[in-house]
Amino acid sequence: MKFATWNVNSIRARISNVLSWLKTANPDVVMLQEIKVLDEYFPRLKIQELGYQCAVHGQKGYNGVAILSNRGFDNVLSCLPGGEEEDARYLEATIDGIRVANIYMPNGNPVNSKKYVYKLNWMKRLKARAEELLIEEMPVILGGDYNVIPTDDDVYDHDALQGNALIKPEIRAAFREILWLGYTNAFRAKDHTKHKYSYWDYSGGAWQNDHGFLIDHLLLSPQAADRLEDAGIDITPRGQKKASDHTPVWCTLADLADH
DNA sequence: ATGTCGCGCGATGCGCGA
């Protein structure tokens with residue numbers, strides 16, 4: 001069973017790229033971030049034509065998350081518990097016995113602003129939810145755009161990002177706190193190659209020069225990690241016309257029947 | 001020749017967020 005996370009930077013601007021990638025990559029579940037659209041304008045039909053159902057938590061102009069599934073959904077939850085819902089950044093559903101949480105973490109820049117405090121608080125709430133999800137001992141995937149570069153080897157030049165919320169030690173520490181609950185970073189469990197990225201800025205020739213960051217992650221609970229078969233980053237969509245600035249990160253879990 | 005993109009607003013550019 002193949003899972004992917006992809007910040008598409010507007011689903012309406014990216015629909016051709018997304019449909020094309022679904023056909024090529026054939027994922028079972030896709031977590032989309034920054035769909036930037038109200039639920040009623042989400043291009044459901046085109047996606048349904050490829051055999052996916054859509055759970056959507058949209059917002060006008062900014063943010064917004066959706067989950068695509070070719071195996072349906074149960075128990076959809078569209079707010080991260082433990083605080084006021086300010087933005088559409090969270091969506092959770094059960095798919096084939098796996099609890100899937102789609103995360104669009106606040107960016108947090110500039111530091112020492114309300115936005116930075118908001119990010120730290122959001123991370124605390126996510127940690128609490130991540131801990132709660134472990135209690136039932138079902139497989140859990142926390143996937144999405146974390147806006148966290150976990151180590152200096154996950155960015156082309158950490159000096160260039162000094163003072164940026166994506167690499168702040170306390171942000172990294174908050175990310176590690178979630179991992180230490182017992183979650184495994186799927187990509188890093190399968191690939192230790194340094195300087196592998198999921199995001200390249202549109203400006204300054206970042207893509208052409210491979211000046212990227214690794215900020216999109218799939219975190220697996222122990223029961224999900226036990227079923228991890230493979231994981232990777234599919235950089236092809238980033239090189240295509242009218243690309244998102246992010247590219248899909250994916251993993252495959254063994255089906256229960258094969259396990 | 002140029003070099004970021006997408007959005008809303010409500011205009012045919014600008015400011016914002018990323």
Side-chain angles (χ1 to χ4, degrees), chain A residues 5-21 30-44 46-47 56-66 80 84-91 102-123 126 143-150 154-158 160-168 171-172 174-175 197-217 233 235-249:
Chain A
T5 177
W6 191 7
N7 179 322
V8 291
N9 185 19
S10 166
I11 188 62
R12 288 180 296 180
R14 216 66 61 209
I15 186 64
S16 301
N17 307 55
V18 170
L19 294 174
S20 152
W21 185 74
V30 186
M31 290 157 260
L32 300 177
Q33 302 86 34
E34 280 204 88
I35 60 171
K36 294 188 173 180
V37 71
L38 289 169
D39 295 16
E40 53 264 45
Y41 302 123
F42 187 87
R44 244 169 227 286
K46 289 177 178 174
I47 291 168
V56 182
H57 183 202
Q59 182 180 331
K60 189 176 186 174
Y62 304 102
N63 310 310
V65 285
L80 178 61
E84 289 296 309
E85 175 70 345
E86 296 180 46
D87 299 321
R89 296 183 174 274
Y90 191 81
L91 186 60
N102 183 7
I103 286 145
Y104 179 44
M105 191 89 81
N107 176 290
N109 283 306
V111 296
N112 302 320
S113 70
K114 275 191 207 169
K115 291 178 184 178
Y116 187 75
V117 175
Y118 177 52
K119 182 179 193 175
L120 278 175
N121 286 334
W122 211 92
M123 294 185 89
L126 180 62
D145 177 358
Y146 279 77
N147 274 312
V148 177
I149 297 168
D154 298 316
V155 56
Y156 72 100
D157 177 4
H158 65 271
L161 287 217
Q162 276 318 305
N164 190 295
L166 277 60
I167 66 164
K168 273 279 174 193
I171 296 290
R172 285 178 167 171
F175 181 72
Y197 310 128
S198 63
Y199 165 91
W200 298 258
D201 198 90
Y202 285 123
S203 63
W207 167 249
Q208 289 75 9
N209 295 304
D210 198 26
H211 287 178
F213 320 151
L214 180 57
I215 53 177
D216 301 275
H217 310 292
I233 302 174
I235 64 165
T236 308
R238 184 61 182 85
Q240 289 171 341
K241 284 183 187 170
K242 247 180 100 54
S244 169
D245 41 4
H246 295 248
T247 211
V249 177

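So you know, we letter chains A, B, ... as the sequences are listed, proteins then strands, and number each from 1.
Applying the 6.0 Å contact sphere to CD1 of A:Ile235 captures no more than 12 heavy atoms from other residues, nucleotides or ligands. The number of heavy-atom neighbours closer than 6.0 Å to CG of A:Asn112, taken from other residues, nucleotides and ligands shown, is 12 or below.
Only the P atoms considered, B:dG15 is 15 Å distant from B:dG10, to the nearest whole Å. Distance check on atom C1': B:dA1 versus B:dT12 gives 22 Å, rounded to whole Å.
A donor-acceptor pair under 3.5 Å is absent between the side-chain atoms of A:Thr5 and the main chain of A:Val249, judged by distance alone.
The CD1 atom of A:Ile11 sits 16 Å away from the C1' atom of B:dC5 (whole-angstrom rounding). The CG-C1' distance, from A:Asp87 to B:dC7, rounds to 15 Å in whole Å. Regarding A:Lys241, its NZ atom lies at a distance of 18 Å from the C1' atom of B:dT4, rounded to whole Å. Taking atom CG on A:Leu38 and atom C1' on B:dG8, their separation rounds to 12 Å, with Å as the unit.
Contact annotation: A:Arg14 does not reach the phosphate of B:dC5 (side-chain N/O to OP1 or OP2, under 4.0 Å).
Both A:Lys60 and A:Gly205 sit near DNA chain B, but only A:Gly205 has its closest nucleotide nearer the 5' end. Across the interface with DNA chain B, nearest-nucleotide mapping of A:Val37 and A:Ser203 shows A:Ser203 to be the residue nearer the 5′ end.
Checking B:dG8, B:dT4, B:dG6 against every side-chain atom of A:Arg12, the shortest atom distance belongs to B:dG8.
Here CD of A:Gln59 is found 8.0 Å from CZ of A:Arg89. Values are rounded to the nearest 0.5 Å.
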Identify all pairs in which a protein N or O lies below 3.5 Å from an N or O of nucleotides 16-18 of chain B, and state each distance.
none

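Summarising the base pairing, B:dG8 is matched to B:dC14 through a Watson-Crick or G-U wobble pair whose two defining distances lie under 3.5 Å.
Contacts of A:Trp122 classified as side-chain hydrogen bond (donor to acceptor under 3.5 Å, both in side chains), with partners at least two apart in sequence or in another chain: none.
Inter-residue side-chain proximity for A:Trp200 and A:His211 is flagged as unmet; no heavy-atom pair is nearer than 4.5 Å.
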Name every donor-acceptor pair, under 3.5 Å, that has one atom in a side chain of residues 35-42 of chain A and the other anywhere in the protein, sequence neighbours excluded.
{"residue": "A:Lys36", "atom": "NZ", "partner": "A:Asn9", "partner atom": "OD1", "Å": "2.9"}
{"residue": "A:Asp39", "atom": "OD1", "partner": "A:Gly58", "partner atom": "N", "Å": "2.6"}

